[in-house]
Amino acid sequence: MDTPEIIVTLAGLALCGFVIWYFFFSARQTASAVSTISGVQEVDITVKGGYSPDVIEVERGKPVQLSFYRDEENSCSEELLMPDFSIRRDLPAFKTTLVELLPQQAGTFTFTCGMGMLRGSLVVK
Amino acid sequence: MEPTTKTETLDIEGMTCASCASFVEKSLTRTPGVQRAVVNFATEKATVDYLPTQASPATLKEAVVQAGYGVTERAPDTSAADRQAEIDQQKALAYVKLKRRFWVATGLAVVIMPLSMLMLWPAMMARVNMQWLNYGLLALTLPVLLYSGREFYTSAWNGFKHRAANMDTLIAVGTGAAFLYSLAATVVPGWFMRRGIMPEVYYDTTATIIALILLGKLLELRAKTQTSAAIKALMGLQAKTARVVRSDGQEVDVPIEQVKLEDVVVVRPGEKVATDGLILEGSSAVDEAMLTGESLPVEKKAGDPVFGATLNKTGSFRFRVTKVGADTMLSQIVKLVEDAQGSRAPIQRLADKVSAIFVPTVVVIAILTFVLWFDLAPVEARLPLALVNFVAVLIIACPCALGLATPTAIMVSTGKGAEHGVLIRNAEALEKAHQVNTVLLDKTGTITRGEPAVTDFVPATGQDAGLLLQAVAAVERQSEHPLAEAVVRYADSRQTVMVSASDFQAVEGKGAQAVVNSQPVLIGNFRLLEEAGISLPPAVRQQADELLAQAKTVLYVAVAGQAAGVIGVADTVRETSAAAIKRLQSMGIEVVMMTGDNPQTAAQVAGQVGITRYFAEVLPSGKAGKVKELQAEGRTVAMVGDGINDAPALAQADIGLAMGGGTDVAMEAAGITLMRSDLQGVVTAIELSRQTIRTIKQNLFFAFIYNTLGIPIAAGLLYPFFGILLSPMLAAGAMALSSVSVLTNSLRLRSFSPVKN
Ligand SMILES: [Cu+2]
């Protein structure tokens, strides 16, 4: 092995390690819903290459209002799917789309883009 | 001095529940200068008192927008169809933009390709300054990268920031690596040459990949709009105006949004019924195919329900509005289909799991590919070979096809189902239906019409059939008994002359009597005649016994104190039942019947439609138990029922099919609702689900096989044995094709049509 080979090998392995850690093990952005006087739990979510925040905590049995603001035109994020709540919505670019639901069971429910690449989850407690 | 306040009324857009109203209200109240804000969800209006010195209609509007809703400038116009139209417009715009980007990329790639090939031509190479050629190619590639491909890079970057990787990540990293390498080779060729590497450029690869992926996206976008075509068509069916009768009798056309409950609406021949209601006067034949899939027009008369979006064919009528807006049948169908399209099929779970980890995994594989090629290839070629394979792995591994496999098939098939009057509640129901091997039918209302009809009309010897029917019908017209209705319907269907009856008298539990043509006429059970002292001649008695043996109800008729004939009444089997049951059996499904009737009647009906196994004398409370019994035999049971008392059985079954639009309770409990009262719908539902699941399996197989084979080939696994390497450009072409072919396969479901008998 010559020097470039050693450098490339080590750099490659380090990069692999970084990719795995960065996408699978690093901490997620979690947010809890803000309850209003009327008892509705509100969360603002920005859609731009992903959902931020992407883990949302809400309480069971109270209506939840998620406002998705899609801050990009990229077609990947144009659809929102929440299969556990039978929701499929188009998210128009640079607009806020409201999604209302009533979580009745505790658990973790994922929401994704139309192809299931962008992911977030709704944690119902 | 008190500052004067102004009052403004705003039409709020986009409120979907009562809590939305409080959001808007809160946001308005917080706005400086606002003294009072009241938002009404039902009317979608906000009434705001404000100080004009501190606030203006514009700031109020801003507050509403901040809360996430909109303000309509014109009259309230917030129908779902309008919102859909806006989204469609945006999509159309996106399509045009994408097309422009594609053509720019293609146009430039067409120039870049042959210029890059020059280097393969030694005679040319000597004459052209390679350095200048490379700079020329760089100049041509930059617009492709910065204009056509920009979205990939921004999207990949946005995703990276959110620790999310999507398909654009792969494309961006792949083409970006090829471009940066080429850029270095162009700007500092000496660095490469000193290390014994030819400073090759990959501008053609970069440009072509971007052009091909854009082509794939373009085709994908076009196909995707077709997947929701059925539901859009359904939404488009809604009438735009209604002809409302004012209290002064004047008829005016008003926009459909302004039609209120209890309004009276006129419908003329050839017009669409504006909304749901009950006919007050007039009669007609109405084409309800758009809601029920029934191709024959349905006869309607006063008292019958009519539904919005259906087409009035022959007569004209007036109806009283009973439902508007989101409550109408059409809106409910649209909502049901939309819900189903948003649901997830269990079959998709594997694909979901895979796509969640897919992209980062592919990036790791690509990096390892690079390292291995760099370490193992001959020194002078290691950098370009490592790079080419790295790019090929990234590009071919795009998981679009995987992501599209299930949802597109479900979109198409749920829409298709609605077109044929089969409403699928969710993807899970669709998947369950294909596994069904036993169909349990509740006899009454599914196999049979669920209402009695005259099957035999037997006059005694010496009686004129026509005259007797006239007399019988005259008496029964005044009775309200269901059996009497059956007799009247029978007489009407024979175009019997109407005569009048006098001195009508109903005899509780026995029948009725009246005077027709100055002769007393009795119709009822045996006891009615017996008590009137009328004896049955042996011939008539024999006829009656025969009818009884066929499990029919027998009505005895006497005219002028003489037995005049017998009438057999029974719940008749629908014309389509036998054929549909045969079809189900030919699909390998066992059809089982259950009924509350006695074994004799049950056997009679079962025999008529070709069912060999049946349960008789099943109490309404025992229906669910019968489903369990079949399930205990290891069967996957579909239960078909039409009434409230079927709900527990529908819920107990692996899949419940509620028939005839169903009662709301039955619909809630059912996975599938058949809009038409006809067993043919059961066949359609099961066939559709079988075909859909087949399509999904094909799609998933295709997507998986493509990635599991594509990645190792792109990584160069075949190279040591066969010398085969996958060019990144080929990988891009294959990638574009994969998602397009999955979509095309799903769209094939659009040609689904139920087998007609
Ligand atoms: Cu792709």
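So that the names make sense, note that chain A is the first sequence line, chain B the second, and so on, each numbered from 1. The analysis underlying the following values was restricted to heavy atoms, covering all of them including side chains, and did not include hydrogens, waters or symmetry mates.
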Most contacts with chain B, counted as non-hydrogen pairs under 4.5 angstrom, among P92(A), G17(A), C113(A)
P92(A)
Is it the side chain or the backbone of F18(A) that comes within 4.5 Å of chain B heavy atoms, both, or neither?
side chain
P53(A) versus I45(A), closest heavy-atom pair with distance
O-CG2, 3.9 Å
Partner set under salt bridge (charged side-chain N to carboxylate O under 4.0 Å, His left out) for E151(B), not counting sequence neighbours
R101(B)
Please classify the contact of I87(A) with chain B as side chain, backbone, both or neither, using a heavy-atom distance under 4.5 Å.
backbone
Any ion pair linking K217(B) and D168(B) (charged N to carboxylate O, less than 4.0 Å)?
yes
Sort out for me which of G12(A), C16(A), S67(A) touches chain B most, counting heavy-atom pairs under 4.5 Å.
C16(A)
Could you tell me which portion of T112(A) (side chain, backbone, both or neither) has an atom closer than 4.5 angstrom to a non-hydrogen atom of chain B?
neither
Below 4.5 Å from any heavy atom of chain A, which atoms of V364(B) appear? Answer side chain, backbone, both or neither.
both
Got a salt bridge between E338(B) and R88(A), using NZ or NE/NH1/NH2 to carboxylate O under 4.0 Å?
no
List for me each residue that meets side chain to side chain donor-acceptor pair (under 3.5 Å) alongside K48(A), sequence neighbours excluded, and say none if there are none.
none
